[in-house]
There are 2 protein chains.
Amino acid sequence: MDEAAGRTRSERLAAEIAEAIVTGALAPGSRLDEQAIADQYGVSRTPVREALRHLGSSGLVEVRPRRGAVVAQVTADQLAELFVAMGEIEATCARLAAQSMSPLERRRLDALHDAMGDLARGGDLAAYAQANTAFHGAIYAGAHNGVLLDFAAGLRRRLQPYREAQFRLSGRLARSHAEHSAVVAAILAGRAAEAHAAMLRHVTLVESSVEGLLAREVTGERRAARPEGPRSRSG
Amino acid sequence: MDEAAGRTRSERLAAEIAEAIVTGALAPGSRLDEQAIADQYGVSRTPVREALRHLGSSGLVEVRPRRGAVVAQVTADQLAELFVAMGEIEATCARLAAQSMSPLERRRLDALHDAMGDLARGGDLAAYAQANTAFHGAIYAGAHNGVLLDFAAGLRRRLQPYREAQFRLSGRLARSHAEHSAVVAAILAGRAAEAHAAMLRHVTLVESSVEGLLAREVTGERRAARPEGPRSRSG
DNA sequence: GCACCGGAAATTGCATGCAACTTGGTAAGA
DNA sequence: TCTTACCAAGTTGCATGCAATTTCCGGTGC
C-alpha cells in the first residue's frame, strides 16, 4: 500500500510540494494557496500550512506573514550568492574529505569517477547528471560532518533546476569530468588544500556557465510567468 | 509597548522558546508539551505547533513524528561536528570578507577590534562576549553573502550555550583578542588565504577549549561515548 | 522474578469554524 | 485625471474538537 505510512500527512505534502518545485511544475513566484493545495490533495489546510512552513525554512518557498506563500523567487543576485555559498561548502567538504575519507570511501569515489568518464564519453546527459549528484554526495559524506552534509544537500536541492540546465551545454560533460579528475586526484592523495582549490574552481566554472543561461532567462523572459510583483530589489 | 505587533503569535512564540533554550532555561532533552506551552503563553496549540516545527528545522528542537518534541539533545560527537562546521563557515566568511569588504566595513571592523582590546584588558566578560558576537557578525556580513550569513548565524545560535561557557575560562579574553588581531590584519590587508587560516585557527582553539568543559558536563549527566569518534573504520 | 500482553490515559495529527488582516475594486473629491 | 477613502471579497492566523497513535500501568503466564 502506502509505504510512507509511518510519516505524517504534512511530511508527505512537504515532499510532494518540494518535488513539484524542483521539477519546475510549480514555477518560481507562483502563489501557494493553502485551500487550493488542501483541496488538490484531499486534506485540510492544517497539514498544508505545516508543509509550507517547513519548505519555507528550507528556502524553497517564501512565506510572508498574513500574505501567503509563494514559490521562492530567486533573483539573479540571490542565485549568484547561492552558487558562491555552494562552491565554498563543496570546496570545504572536498578539503575535509581529503583529510578524513576512509580507504573504502576513496576507492568508491575513484570507481564512481571512472564510471562517469564512460558516461561523459558516451554523451548520456541524464545518466551523467544522476551520477554527478552521487559524486558530489560522496564528497559531502566523505567530509564526515552531518551539519555540512545537510547544508550542502539543501543548497544543492535549491539549485537543482538551474544546475540541470547547465548540462545541456555541449562540451560541458567532458569538461566537468576533467575538472572532477583534479578533485579526485587531490582527495585520493590527501592533498587537502589542492582538493579545496580544485573543487572551488570546478563549481565556479559551473556557476559562470549557468549565469549565461540565467541572464537570458531572467532578462528575456516573457510576462507569461507573471512574477508576483516587482518589489524594489535594490539590494 | 509591543513592538512585535506586526509579527504573528507563532513567530513570537518561536522567538521566546528559542530564547529559553539558548539561555538554558529549557535544558536539552526536556519534553516540549504542546498543551503545556500553550497554557503557559495563553494561546492555543496551533501556533505552538508551528513554532516548534520552525525551531525543529533550525535544529534547536528535535521533533519526532507522533512522539512529541524535545529540546535538541546535542551529543559530544554532534557538538564536535557543529564546531567544525562553524569553524569552516567562519573561515570561509573571513576569506570572502578579505576579498570583498568595502573600505567602510574594514574601518568599522578595525574600530570594533580596537574597542574589544580595551574590554579584554578590562576583563569585562559580558561586554566582551557581546562585542564578540558583533565582531563575528561583521565578518559574516563582510562576506556579502546572505546564504552564508544565515547559515553562520543559525550555527552560532545553536552553539551559544557552549560558547558562553568558554569565556569563563581565565585568560581566554586576551587570547581571543590576540587571535582576532591576526584575523583582522589579514582581512584589512586583503590577504584572503591568511584570513581563512587565522579564523580557522581561532575557532579551532575555541572548540578545543570548550571540549574540555563539555567532557565534564556530559559525563556528569550520563555516561557518553568517547569524545573522538573512530575515524578510520576497521573493517 | 521477568517478560509479555491488554486496556486506559495522554498526546499528537488533523479537520473545521471564526475573526482579523490583506487586497482588489469602486466611488468621491481635488 | 490622479489621489484617497472605503467597502467587499478572499485569505491567513488562530481556537476548538475529534480521531489515531503512543505511552503508561496493571495483570497474566512462564
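Protein chains get the first letters and strands the later ones, always in sequence-line order, with residue 1 at the start of each.
Judged purely by atom type and a 3.5 angstrom limit, A/S30 has no side-chain atom pairing as donor or acceptor with the backbone of A/L26. Checking side-chain atoms of A/S58 against main-chain N and O of A/L55 turns up a donor-acceptor pair under 3.5 Å. Side-chain atoms of A/E88 do not come within 3.5 Å of backbone N or O of A/A85 as any donor-acceptor pair. Checking side-chain atoms of B/R45 against main-chain N and O of B/A38 turns up no donor-acceptor pair under 3.5 Å. Side-chain atoms of A/R49 never come within 3.5 Å of backbone atoms of A/E34 as a donor-acceptor pair (strictly under, hydrogens ignored).
For the pair A/M199 and A/H136, the minimum side-chain heavy-atom distance is below 4.5 Å. For the pair A/R53 and B/S57, the minimum side-chain heavy-atom distance is 4.5 Å or more.
Rounded to an integer number of Å, the gap from A/R9 CZ to C/dG13 P is 12 Å.
Under the 4.0 Å criterion applied to side-chain N and carboxylate O atoms, A/E50 and A/R9 are not assigned as salt-bridge partners.
Along DNA chain D, the stretch of nucleotides lying under 4.0 Å from any heavy atom of chain A spans, 5' to 3', D/dT11 to D/dG13.
For residues 37-60 of chain B, proximity to DNA chain C is found at B/R45, B/R49, B/R53, defined as any non-hydrogen atom under 4.0 angstrom from a strand atom.
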